[in-house]
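Step one of this worksheet: look at the structure below.
Nothing fancy with the numbering, it's 1 onward along the sequence. As the structure lists them, so they are numbered: ligands from 1, and atoms in each ligand from 1. This is a predicted model, so every value here is computed, not measured.
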Amino acid sequence: MTKVLFVVSECAPLIKTGGLADVAGALPLALAAYGDEVRVLLPGYRAVMEKLGKTKVLQTYKDLFGGSAKLRSCTVAGLDLLVIDAPHLYDRDGGIYSDVAGEDWDDNPERFAALSYVAAIIADKGAGTWTPDIVHGHDWQAGLTPEYLQAAGVDVPFVFTVHNIAFHGNTSADRIAALKLDTARFNAEHFEFWGQVSALKAALMGADKITTVSRTYAEELLTPEFGIGMDGVLRHRKSDLSGIVNGIDEAIWNPATDPNIKPYKTAAGKAANKKALQKTFGLGTSNGPLCVLVSRLTEQKGLDLLLEALPELLKQGGQLALLGSGDPRLEVALLEVAAGQENVSVKIGYDEALSHQMMAGGDVILVPSRFEPCGLTQLYGLRYGTLPLVALTGGLADTVINASPAALARGVATGLQFFPVTSQALANAFARLGGLYKQPEVWKSMQRNAMAQPVGWETSAAEYHAIYASLI
Ligand SMILES: Nc1ncnc2c1ncn2[C@@H]1O[C@H](COP(=O)(O)OP(=O)(O)O[C@H]2O[C@H](CO)[C@@H](O)[C@H](O)[C@H]2O)[C@@H](O)[C@H]1O
């Protein structure tokens, strides 16, 4: 049994802004099946503290980056949590990374340095009677952990997973002392990146093993196009880098038992959900496929490509129901298109229950991302018989079997992929989609394939387990 400390800035069902939280909430439970014991170290944001119930105080810190703090332990939804109760860092209005106006918190470097700093204390002194054999950090928020481990002289292996390389956690060099970092290590071998402090670089240089969330993305990361400045560092660490595809929590995402929908065991049960979804989105009926999209609205997700290719979908009789929030300009652009099209409906906001209803009621889940380390919504789609139409990139390349003539002839297709990732290629894919939708037998067989594809955590949890075992 390996004891693993997850260090992560969000974790479902306590706090979620995106896929990172899903992974942090589901992987510990999947690892338990392999005998690994995971505790999740998480900042005590106001929304988290409200959900904790009874906790036990394991440690107190007089001065954790500007104020006193406590480490609390408790169990929520089967997850063993270690929560940093530090009101000066985490108890505030607004989002977990940004204020009410959407601006990043000025003290984000300190807020997440504190997370990494406490991780090193736990690796050193334990939390109660529990001491980790491995520390496993996720994304830049956990990135300074190896620096603090090193400073404390703690020799616990550190595994780092890249969920999204686009966020570097950079800050100016004049904060080195405030972040309790060692000036002597402000160099290219450690946490310096183009004259700045980079939490991501610290992790990539300091980790014993680096993983990312699909095999294709692990290869893409080595190229300038996808490495977003870190490709050189990653090429340097190539022998320690691997890709492990994400799974989904099959208990929460199960069309046969999902409390948010009219449950179904075969794709035939989707019809009633489609009707309900059209009503929710104010859409009429149509003879084409109902496409759904659930996403953070950022440049990464390719919404602009979708807007350009949309006329072809509508020409095929298709409909679009979209749920998302993020970039205000994208929000406005999407709402404007929806206002002028009876077959397009957009809801701005974050709505977990509605996202389930969209998986159940949609014919197609769209993921036109420019880059996608893994992607989770296409996996939900597969499980719900909602065929993914995705860009051929990252995890989308690894999890969807394109309806090519060969795949159709062999009866193995589960969705559609388009490449290059351009609006023209997406429009072509919509034309292909229209053709497939008009062939009910082909469509039904693709739905059966999709629903039969394994999308759980078993295989991937075994791969993480093997990495931990290789380090101790
Ligand atoms: N408005 C909304 N309402 C309700 N639910 C919403 C929502 N917007 C997004 N979601 C949910 O948030 C999650 C998004 O996860 P993704 O993996 O698709 O992308 P994300 O870029 O956040 O994750 C990053 O990390 C994950 C985890 O490793 C990688 O899969 C991914 O490629 C990488 O970019 C899904 O569970 C989705 O349903």
**OP:** Run the numbers for me: atoms of ligand 1, each under 4.0 Å from some heavy atom of Leu323, listed by number.
**Re:** 1 (N), 3 (N)

Original post:
To the nearest 0.1 Å, how far is atom 3 (N) of ligand 1 from its closest protein heavy atom, and which atom is that?
Top reply: Asp351 N, 3.1 Å

Original post:
Tell me: protein heavy atom nearest atom 23 (O) of ligand 1, and distance?
Top reply: Gly19 N, 3.5 Å

**OP:** Work out whether the distance between some heavy atom of Gly395 and some atom of ligand 1 is less than 4.0 Å.
**Re:** no

Original post:
Do any nitrogen or oxygen atoms of Glu352 come within less than 3.5 Å of a nitrogen or oxygen of ligand 1?
Top reply: no

Original post:
Side chains of Asn170 and Ser198: do they bring a donor and an acceptor to under 3.5 Å?
Top reply: yes

Original post:
Considering only heavy atoms from C-beta outward, does the side chain of Leu82 approach that of Leu5 to under 4.5 Å?
Top reply: yes

Original post:
Looking only at protein heavy atoms, which one is nearest to atom 31 (C) of ligand 1, and how far off is it?
Top reply: Glu372 OE2, 3.2 Å

Subject >> Protein residue, atom and distance nearest to atom 19 (O) of ligand 1, heavy-atom basis >> reply: Lys301 NZ, 3.2 Å

**OP:** Just need the protein heavy atom nearest to atom 28 (O) of ligand 1, so name the residue and atom and give the distance.
**Re:** His163 ND1, 2.6 Å

Original post:
What protein heavy atom is closest to atom 8 (N) of ligand 1, reported as residue, atom name and distance in Å?
Top reply: Ser295 C, 3.4 Å

Subject >> Heavy atom of the protein closest to atom 16 (P) of ligand 1 (residue, atom name, distance) >> reply: Leu376 N, 3.8 Å

Original post:
Considering only protein heavy atoms, which is closest to atom 21 (O) of ligand 1, and at what distance to one decimal place?
Top reply: Arg296 NH2, 2.6 Å

